[in-house]
Participant: 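Pasting in a structure now, in structure tokens, and then I'll have a few things to ask.
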Amino acid sequence: MRLDVFLKRVGLVKQRTQAKLICDRGRVTVDGNKAKAGKEIGAGRVIGLDLSREYLEINIIDLPDRNFKRQQGEVFYRVVRHEEKDRYA
């Protein structure tokens with residue numbers, strides 16, 4: 001499954017274009033390496049997301065077959081690291 005499709009399906013981003021944008025800006029890593037939106041991913045991979053208000057590092061457990069909201073999509077990954085960013089820094 002493509003990285004951008006996974007991010008959309010588990011609800012970490014609202015649109016695939018948003019996933020592509022953060023990938024193009026170098027704010028997404030797969031197993032520690034910067035990743036493009038079309039990177040093929042699977043279970044066991046570790047994804048790092050540098051989002052505007054938080055940093056997330058997740059381990060993929062399974063791949064979804066349809067779209068989910070973020071709370072429902074959490075069954076497909078385990079959060080390894082979560083850091084809230086200071087809004088005023």
Side-chain angles (χ1 to χ4, degrees):
M1 175 177 288
R2 288 172 52 111
L3 175 60
D4 58 346
V5 173
F6 176 81
L7 296 175
K8 166 65 176 115
R9 286 195 174 174
V10 298
L12 289 169
V13 296
K14 292 184 179 183
Q15 299 174 338
R16 279 181 60 192
T17 53
Q18 184 183 13
K20 182 178 180 343
L21 183 66
I22 61 173
C23 288
D24 290 347
R25 291 182 177 171
R27 295 169 48 195
V28 180
T29 61
V30 174
D31 296 331
N33 300 311
K34 288 185 181 179
K36 294 185 178 183
K39 173 126 178 108
E40 289 293 320
I41 59 165
R45 296 286 186 118
V46 176
I47 298 175
L49 295 164
D50 186 5
L51 303 173
S52 58
R53 296 187 182 184
E54 63 186 337
Y55 176 80
L56 276 176
E57 198 168 277
I58 60 170
N59 188 334
I60 301 173
I61 298 170
D62 198 7
L63 300 176
D65 58 356
R66 62 183 180 88
N67 293 343
F68 291 89
K69 293 185 178 178
R70 189 168 184 172
Q71 289 87 2
Q72 297 167 324
E74 289 178 354
V75 299
F76 296 100
Y77 62 87
R78 180 177 58 88
V79 176
V80 177
R81 192 167 107 195
H82 179 246
E83 296 175 12
E84 294 286 332
K85 291 184 178 179
D86 185 7
R87 293 176 57 180
Y88 304 105

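For clarity, every value in this text was computed on a predicted model and none was experimentally measured. Reckoned from all heavy atoms, side chains included, excluding hydrogens, waters and symmetry mates.
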Participant: Can you tell me which residue pairs pass the side-chain hydrogen bond (donor to acceptor under 3.5 Å, both in side chains) test with a partner in residues 60-69, sequence neighbours excluded?
Facilitator: none
Participant: What residues, two or more places apart in sequence or in another chain, satisfy side chain to side chain donor-acceptor pair (under 3.5 Å) together with Arg78?
Facilitator: none
Participant: Which pair of heavy atoms, one from His82 and one from Val79, lies closest together, and at what distance?
Facilitator: CB-CG1, 3.9 Å
Participant: Would you mind listing every ring pair (Phe, Tyr, Trp, His ring centres under 6.0 Å) that reaches into residues 9-48, with sequence neighbours excluded?
Facilitator: none
Participant: Counting N and O atoms only, with roles assigned by atom type, does the side chain of Lys39 sit under 3.5 Å from a partner on the main chain of Thr29, one being a donor and the other an acceptor?
Facilitator: no
Participant: The criterion is side chain to side chain donor-acceptor pair (under 3.5 Å); which residues satisfy it with Gln71, sequence neighbours excluded?
Facilitator: none
Participant: Could you measure the distance from the CG atom of Asp50 to the CD1 atom of Ile22? Nearest 0.5 Å is fine.
Facilitator: 8.5 Å
Participant: Suppose we screen for side chain to side chain contact (heavy atoms under 4.5 Å, CB included). Which residues come up paired with Asp24, at least two apart in sequence or across chains?
Facilitator: Lys20
Participant: Got a sec, which residues hit salt bridge (charged side-chain N to carboxylate O under 4.0 Å, His left out) with Arg27, two or more places apart in sequence or on another chain?
Facilitator: none
Participant: Taking all non-hydrogen atoms of both residues, which atom of Gly26 and which atom of Lys34 are closest, and how far apart?
Facilitator: O-CE, 3.9 Å
Participant: Which pairs pass ring pair (Phe, Tyr, Trp, His ring centres under 6.0 Å) with one or both residues in residues 20-74, sequence neighbours excluded?
Facilitator: Phe68-Phe76
Participant: Could I get the full list of side chain to side chain donor-acceptor pair (under 3.5 Å) partners for Arg25, not counting sequence neighbours?
Facilitator: none
Participant: Can you list everything that forms a salt bridge (charged side-chain N to carboxylate O under 4.0 Å, His left out) with Arg9? Sequence neighbours excluded, please.
Facilitator: none
Participant: Using side chain to side chain contact (heavy atoms under 4.5 Å, CB included) as the criterion, list what pairs up with Glu40, not counting sequence neighbours.
Facilitator: Arg2
Participant: Applying side chain to side chain donor-acceptor pair (under 3.5 Å), name anything that partners Thr17, two or more places apart in sequence or on another chain.
Facilitator: Gln15
Participant: Sequence neighbours excluded, which residues qualify as salt bridge (charged side-chain N to carboxylate O under 4.0 Å, His left out) partners of Glu83?
Facilitator: Arg81
